[in-house]
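I have placed the structure first, in the form of structure tokens, so that the comments after it can refer back to it.
A quick note: this is a predicted structure, and the numbers were derived from the prediction, not measured. The first residue in the sequence is number 1, and the count goes up from there.
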Amino acid sequence: MSAKRALITGITGQDGSYLAEFLIAKGYEVHGIIRRSSSFNTGRIDHLYLDPHVKGGQLKLHYGDLCDSNSLSKLMRTVHPHEVYNLGAQSHVRVSFDMPVYTAETVAMGALKLLEAVREYQTETGNKVRYYQASSSEQYGKVLEVPQRETTPFYPRSPYACAKLMAHWATVNYRESYGMHASCGILFNHESPRRGETFVTRKITRAVGRIKMGLQDKVFLGNIDSKRDWGFAGDYVKMMWLMLQQETPDDYVVATGRTITVREFAELAFVHAGLDFKRHVMFDPRYLRPAEVDLLLGDPSKAAKKLNWQPETSVETLAAMMVDHDVDLAKREKTLRDAGHEMPAFAGHDQ
């Protein structure tokens, strides 16, 4: 029997890299869409791409773009996927206020174009495809219910959240209109050592590592009183896969059921490294959003009941994992600096 084929948008991102690992370990033939760039942007998946058969599956990369309908349709006919995971996006909430149109084009219209490519492929070939849409807890925004469930009304508070909301409802619409096996995972905040350095958790742990090694002294943050439900991205990609293995498509909240403030996460990170949080964390109003989201807390009981899924990594373990990784990274940076080499840039902004 030939291996299942999966097509992943956003494969070079945090979630895409963990999902690719997970599927390859299950023997999938994994195809990823990457955008053309003058510099390499595959660092998170190089270990898979350079040795694609190490875990029993294989990885193939294709140039394409969520803004280009033609490339998406062509890839459907080239790859013939059994499963499609749409993880690609301009995913930074704060940046979406500066680039609202581009965010909408990639997140909202990108999802619509991909759904249409899947629908057309199914109509032309008769092959059934299962589709996963990465929805976001940011869609709840100014929350109308605590905790947030699959039935909680949405109230988006950023261009990113508005775009995700359209992508979410487009997925539901294609499921109901065309009978597509299309499901949405409403993922609450999920982090890892592979998180981009401009996202607040990684910005914090990256700074902790550099402060520990004497490479910087302060980290500047915006609203540290906002509360988030933080889990480990490596746990959450299993849930994406589980959703597509069900006979009936559906939408699920993916969360830990626990919330803490940005301040508390920073304290966990600094304490793990033996540092004083109050000495090194500074407020900077540049990192405030025009409209804030104060509290996100997910209720994952539906996922636990129907899919037997639950997160395995606590926020304390997550913070320690990220700090340990970033302390090691800072040690390498310090070695380069002491040897007179130019250090890689640390882009710790845009919280």
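- With sequence neighbours left out, the side chain to side chain donor-acceptor pair (under 3.5 Å) criterion links Thr171 to no other residue.
- Of the candidates His181, Gln245, Arg5, Gln245 is the only one forming a side-chain hydrogen bond (donor to acceptor under 3.5 Å, both in side chains) with Glu83.
- Remark: side-chain polar atoms of His190 are not paired, donor with acceptor, to backbone N or O of Leu187 under 3.5 angstrom.
- Under a 3.5 Å cut-off, the side chain of Thr9 and the backbone N or O of Leu87 do form a donor-acceptor pair.
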- Step by step, work out the side chain to side chain contact (heavy atoms under 4.5 Å, CB included) result for Val30 and Ile11. CA-CA 10 Å; Val30 175; Ile11 194 169; 4.0 Å; yes

- side chain to side chain contact (heavy atoms under 4.5 Å, CB included) between Leu268 and Ile260, intermediate numbers included: CA-CA 11 Å; Leu268 287 173; Ile260 66 171; 4.1 Å; yes

- Query: Going through the checks in order, is the side chain to side chain contact (heavy atoms under 4.5 Å, CB included) test met by Tyr287 and Arg94?
  - Reply: CA-CA 8 Å; Tyr287 300 129; Arg94 178 62 188 85; over 6 Å; no

Which side-chain N or O atoms in residues 100-112 pair as donor and acceptor under 3.5 Å with protein atoms at least two apart or in another chain?
residue: Tyr102; atom: OH; partner: Arg35; partner atom: NH1; Å: 2.8
residue: Thr103; atom: OG1; partner: Gln90; partner atom: NE2; Å: 3.0
residue: Thr103; atom: OG1; partner: Met99; partner atom: O; Å: 2.7
residue: Thr106; atom: OG1; partner: Gln90; partner atom: N; Å: 3.4
residue: Thr106; atom: OG1; partner: Tyr102; partner atom: O; Å: 3.1
residue: Thr106; atom: OG1; partner: Thr103; partner atom: O; Å: 3.2

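- With hydrogens and angles disregarded, no donor-acceptor distance shorter than 3.5 Å links the side chain of Ser73 to the backbone of Asn70.
- The CZ atom of Arg228 lies 4.5 Å from the CG atom of Leu296; values are rounded to the nearest 0.5 Å.
- The side chain to side chain donor-acceptor pair (under 3.5 Å) search around Glu145 returns Arg149, Thr152, not counting sequence neighbours.
- Summarising the geometry of Met239 relative to Ala303, their closest heavy-atom pair is CE-CB, 3.2 Å, with the distance given to 0.1 Å.
- Within the 3.5 Å criterion, the main-chain N or O of Val323 finds no donor-acceptor partner in the side chain of Lys212.
- Glu116 is linked by a side chain to side chain donor-acceptor pair (under 3.5 Å) to Arg119, Tyr174, counting only residues two or more places apart in sequence or in another chain.
- In summary, Lys334 and Asp338 engage in a salt bridge, as defined by a charged side-chain N under 4.0 Å from a carboxylate O.
- The shortest heavy-atom contact between Thr12 and Ile45 is CG2-CD1, 4.2 Å.
- Looking at Arg157, its side chain does come within 3.5 Å of a backbone N or O of Glu292 through a donor-acceptor pair.
- Considering only residues two or more places apart in sequence or on other chains, Tyr131 meets the ring-ring contact (aromatic ring centres under 6.0 Å, His included) condition with none of them.
- Shown here are the ring-ring contact (aromatic ring centres under 6.0 Å, His included) partners of His168, two or more places apart in sequence or in another chain: Phe154.
- Residue-environment remark: NZ (Lys302) exceeds the threshold of 12 foreign heavy atoms within 6.0 Å.
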- Audit row: Glu316, Arg258, salt bridge (charged side-chain N to carboxylate O under 4.0 Å, His left out) steps and yes/no: CA-CA 12 Å; Glu316 290 84 3; Arg258 178 186 173 194; 2.5 Å; yes

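- Side chains of Ser183 and Asp250: no donor on one and acceptor on the other come within 3.5 Å.
- In this structure, a donor-acceptor pair under 3.5 Å is present between the side chains of His80 and Tyr121.
- Residues Arg175 and Asp251 are paired through a salt bridge, judged by an N-O separation under 4.0 Å between the basic side chain and the carboxylate.
- Between Asp284 and Arg286, at least one side-chain nitrogen of the basic residue sits less than 4.0 Å from a carboxylate oxygen of the acidic one, meeting the salt-bridge criterion.
- Salt-bridge formation is not detected for the pair Arg194/Asp15: no Lys NZ or Arg NE/NH1/NH2 atom is positioned less than 4.0 Å from an Asp or Glu carboxylate oxygen.
- The pair Arg206-Glu333 meets the salt-bridge criterion, with a side-chain N (NZ, NE, NH1 or NH2) lying under 4.0 Å from an Asp/Glu carboxylate O.
- Gln139 places no side-chain N or O within 3.5 Å of a backbone atom of Ser135 that could act as its donor or acceptor partner.
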- Query: Can you check side chain to side chain contact (heavy atoms under 4.5 Å, CB included) on Ile8 and Ile33, steps first, answer last?
  - Reply: CA-CA 6 Å; Ile8 303 174; Ile33 300 177; over 6 Å; no

- Message: Pair His82, Asn127 - check side chain to side chain donor-acceptor pair (under 3.5 Å), show working.
- Response: CA-CA 8 Å; His82 301 95; Asn127 298 334; over 6 Å; no

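- Here the two rings, on Phe270 and Phe265, have centers that are 6.0 Å apart or farther.
- Salt bridge status for Asp294 with Lys142: absent, with no side-chain N to carboxylate O gap under 4.0 Å.
- Salt-bridge formation is not detected for the pair Lys305/Glu150: no Lys NZ or Arg NE/NH1/NH2 atom is positioned less than 4.0 Å from an Asp or Glu carboxylate oxygen.
- Counting non-hydrogen atoms of other residues, nucleotides and ligands closer than 6.0 Å to NZ of Lys218 gives a total above 12.
- Using a cut-off of 4.0 Å between Lys/Arg side-chain N and Asp/Glu carboxylate O, Arg202 and Asp326 are scored as salt-bridged.
- The closest donor-acceptor contact from the side chain of Asp235 to the backbone of Glu312 lies under 3.5 Å.
- Without hydrogens or angle criteria, Gln14 side chain to Ser192 main chain gives a donor-acceptor distance under 3.5 Å.
- Looking only at side-chain heavy atoms (C-beta outward), Leu221 and Val281 come within less than 4.5 Å of each other.
- Taking the six-membered ring for Trp and the full ring otherwise, the centers of Tyr236 and Trp309 sit less than 6.0 Å from each other.
- Crowding of Tyr155 atom OH: a count of heavy atoms from other residues, nucleotides or ligands under 6.0 Å not exceeding 12.
- A salt bridge links Asp225 to Arg263: one of the charged nitrogens lies within less than 4.0 Å of a carboxylate oxygen.
- In this structure, Glu191 contributes its side chain and Thr201 its backbone to no donor-acceptor pair below 3.5 Å.
- Without hydrogens or angle criteria, Ser314 side chain to Thr317 main chain gives a donor-acceptor distance under 3.5 Å.
- For the pair Gln310/Pro300, no side-chain contact is recorded, criterion being any heavy-atom separation below 4.5 Å from C-beta on.
- The pair Arg130-Glu247 fails the salt-bridge criterion, with no side-chain N (NZ, NE, NH1 or NH2) lying under 4.0 Å from an Asp/Glu carboxylate O.
- Remark: Lys4 fails to qualify as a cation-pi partner of Tyr28 under the 6.0 Å distance and 45° angle criteria applied to the six-membered ring.
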